[in-house]
> 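Below you will find the structure I want to go over with you.
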Amino acid sequence: MASEESSLSSDDVCPGCQAGGSFLLPCGHRLCQSCLQLCQLELGQGQQGCTECYGRELLDSVLKGLFDSIFQGQPRRAGSGSDLGSGEGTEEAADGQMCARHAERLTLFCEEDGELICSQCQDEHKDHECIDTEEAAEECKNELRSAVSTLSEKLEVLNTAKQNCEDMAEHIKKQGQHAGRLIKADFEKLHRFLRDEETSILNSLKEEEEIKARKMKEKLDRLKDEISSLMETINSAEEAMASEDFVFLKNYKKTSERVNCTVQDPEESPGALIDMAKHLSCLRFRVWEKMQTLVMYTPVTLDPNTADTCLSLSDDLATIHYTEEEEQHLPDNPERFRGYEGVLAAEGFGWGRHSWDVEVGDSSGWVLGVAKESVARKEWFPPSAERGMWTVSLDNGQYRASDGAGAPLSMKRKPQKVRVQLDWDVGRVTFSDAGDNTLLYKFKDKFTEKLFPYFSNTCKRHPLSIIAEKVSVYTE
């Protein structure tokens, strides 16, 4: 009986202050009223449990952190997750292979949620596709391999684009330097021409000035001589009149003859002054008019940014030479032709009438005509009106039109110069021999977009040249 009372009293004893009358808490521990109030003051009103629970949790947390730091990077063995010592469960739980809720190995993978689960968790994922971890790992690796392969392809595309940008940047620098040299050279020619014209006009002015100054000096010298002679005559007559009468009369006849000599009036000199109008009238116009012998005008200009890498253009962008592709390193910009040996003009026409002559000479392979702005430039196809190219060509000794018929054109003679005429409004492209205006071929179509003159040359020995036109000056 005494032992039973002792046992009951020990259950009611507060473990904190050893006083009786303790209360049973939800966590299973007992505390008296005063110790419970102290516990709430220390832990806060929102803290669940008691000081004994808090101390145990704190100790477990310290031990877990200590073991994690000791066994970091080392393999863990499977075991119960409740042991914080060196047991197998602690190692495997710390390694993430155990379910935190059910302390069971994570052997399944939910494909819908993308997470590892244990067999007990499968009840919560019963409507999801759950497979074995090995199978899931293989499937996921295959998906990643496919994604990595796609990214690798994108990386290759980006690296290619980066290389193209670097090539274009380098080419832009070369273009700027080359264009700068050509501009300076052209202006130097103009400056030289203007300097020569300036020297010529100034020399002409100086020559006229010297001639007319010499004539005026000669006239002035004559007048001075005549003035000197008259002054001597006048002085002699005055001296005679001042002498005695006998002497005066004795010399009168001689003095009278000298005084009564005929003196001619000075001649007028028309045109004695410099002809200012001759040297200054419309000076700039006359120089510009004379400059026509130096200035060349071509109705169309070649665009080097569209030229295939096997074509080389002259500095004035009017002549096409065929060369080897390896000799040039040009960026593959969107405007450039590939595999066509072709080049477009810089000017496009979306209305009106236009004409240009091309000297083909003895070239054994050429194509002339017009192409629409949207024509494919990176893929080769036989030139045809359906694909947006209206052309006449010479290949293997035969002339053909891109009309789809394929039949050779009959020529009375081999043209040395070909004239291309475009009437955009009525939809007509005409080819003729510029030497005698013989019609070679005529296209009739309906144009819906801007057309660009097209040129191609495959002959290494003979270039193609756009013929410069004569410049005429009109005044209104």
> Is it true that the side chains of Q416 and D433 contain a donor and an acceptor less than 3.5 Å apart?
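No.
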> Ring centres under 6.0 Å, that's the criterion: do Y454 and F452 meet it?
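No, the ring centres sit 6.0 Å or more apart.
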> Mind listing the closest non-hydrogen atom pair of G369 and V420 along with its distance?
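Smallest heavy-atom distance, with atoms named: CA-CG1, 4.5 Å.
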> For the residue pair D425 and W351, confirm or rule out a side-chain donor-acceptor distance under 3.5 Å.
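The criterion, which ignores hydrogens and geometry beyond distance, is not satisfied for W351 and D425.
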> I'd like to know whether CD of Q177 has more than 12 heavy-atom contacts from other residues, nucleotides or ligands below 6.0 angstrom.
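More than 12 within 6.0 Å, yes.
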> Would you say the side chains of K219 and S269 form a donor-acceptor pair under 3.5 Å?
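Their side chains do contain a donor-acceptor pair, which is all the 3.5 Å distance test asks for.
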> Please verify the inter-ring angle class for H191 with F187; under 30° counts as parallel, over 60° as perpendicular, anything in between as tilted.
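Aromatic pair H191/F187 classed tilted.
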> Could you give the distance from CG (L330) to OG1 (T309), rounded to the nearest 0.5 Å?
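Atom-to-atom, L330:CG and T309:OG1 are 6.5 Å apart.
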> Decide yes or no on side-chain contact (heavy atoms from CB on, under 4.5 Å) for V300 and F455, but give the supporting numbers first.
CA-CA 11 Å; V300 294; F455 309 84; 4.1 Å; yes
> Side-chain contact test, heavy atoms from C-beta onward, threshold under 4.5 Å: evaluate it for T301 versus E347 and give yes or no.
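Heavy-atom side-chain distance check passes, below 4.5 Å.
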> Using a 4.5 Å cut-off on heavy atoms from C-beta on, say whether the side chain of R413 contacts that of D436.
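With C-beta onward as the side chain, the pair touches.
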> Begin from the C-alpha positions of Y399 and K414 and carry the test side-chain contact (heavy atoms from CB on, under 4.5 Å) through to its verdict.
CA-CA 10 Å; Y399 297 90; K414 181 180 180 180; 3.2 Å; yes
> Using side chain to side chain contact (heavy atoms under 4.5 Å, CB included) as the criterion, point out the one residue from L422, V370, D403 that pairs with W390.
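Of all the options given, the one that passes is V370.
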> Looking at every non-hydrogen atom in both residues, tell me the closest pair between R419 and N437 and how far apart they are.
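Scanning both residues, the minimum pair turns out to be NH1-OD1, 2.8 Å.
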> Give the minimum heavy-atom separation between H171 and H329, together with the two atoms involved.
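Looking at all heavy atoms of both residues, the shortest contact is ND1-O, 4.4 Å.
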> I'd like to know whether N159 forms a side-chain contact (heavy atoms from CB on, under 4.5 Å) with Q163, so could you lay out the CA-CA distance, the side-chain angles of the two residues, the decisive distance to 0.1 Å, and finally the verdict.
CA-CA 6 Å; N159 284 329; Q163 184 62 45; over 6 Å; no
> If we count only N and O atoms by modelled type, under 3.5 Å, do the side chains of T319 and S465 hold a donor and an acceptor together?
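Result is yes, a qualifying pair exists.
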> Any chance you could measure M276, atom CE, to S281, atom OG, to the nearest 0.5 Å?
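Atom-to-atom, M276:CE and S281:OG are 12.0 Å apart.
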> Any donor-acceptor pair under 3.5 Å linking the side-chain atoms of T255 with those of N251?
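No.
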> Hey, does E139 have a side-chain heavy atom less than 4.5 Å from the side chain of E111?
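Yes - at least one pair of side-chain heavy atoms lies under 4.5 Å apart.
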> When you check the side-chain N and O atoms of D316 and S314, is any donor under 3.5 Å from an acceptor?
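Side-chain D/A pair, D316 to S314: present.
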> For a quick test of reading the model, state the closest non-hydrogen atom pair linking N333 to E335 and the distance between them.
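What the structure gives for the nearest pair is ND2-OE1, 2.7 Å.
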> S456 side chain to E341 main-chain N or O, any donor-acceptor pair under 3.5 Å?
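A pair under 3.5 Å: yes.
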> To the closest 0.5 Å, what do you measure between OG (S363) and CD1 (I320)?
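Rounded to the nearest 0.5 Å, the OG-CD1 separation comes out at 9.5 Å.
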> Got a donor-acceptor contact below 3.5 angstrom from the R428 side chain to the Q421 backbone?
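Not confirmed, R428 side chain does not pair with Q421 backbone.
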> Enter the distance from H354:NE2 to W424:CH2 here, rounded to the nearest 0.5 Å.
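Spacing of NE2 (H354) from CH2 (W424) equals 10.0 Å.
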> State, to 0.1 Å, how close V259 and A237 come at their nearest heavy-atom pair, and which atoms those are.
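Result for this residue pair: CG2-CB, 3.6 Å.
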> Roughly how far, to the nearest 0.5 Å, is the CD atom of Q398 from the CG atom of N396?
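So the gap between those two atoms works out to 7.5 Å.
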> When you look at L273 and K212, which way does the side-chain contact (heavy atoms from CB on, under 4.5 Å) test go after all the steps?
CA-CA 7 Å; L273 300 179; K212 293 190 174 181; 5.8 Å; no
> For P383, which of V392, T391, V375 qualifies under side chain to side chain contact (heavy atoms under 4.5 Å, CB included)?
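Checked V392, T391, V375 against P383; only one passes side chain to side chain contact (heavy atoms under 4.5 Å, CB included): T391.
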> Centroid-to-centroid, F349 to F447, below 6.0 Å?
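Aromatic pair excluded; centres sit 6.0 Å or further apart.
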> At their closest point, which heavy atom of L194 faces which heavy atom of M291, and how far apart are they?
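Result for this residue pair: CD2-CE, 3.8 Å.
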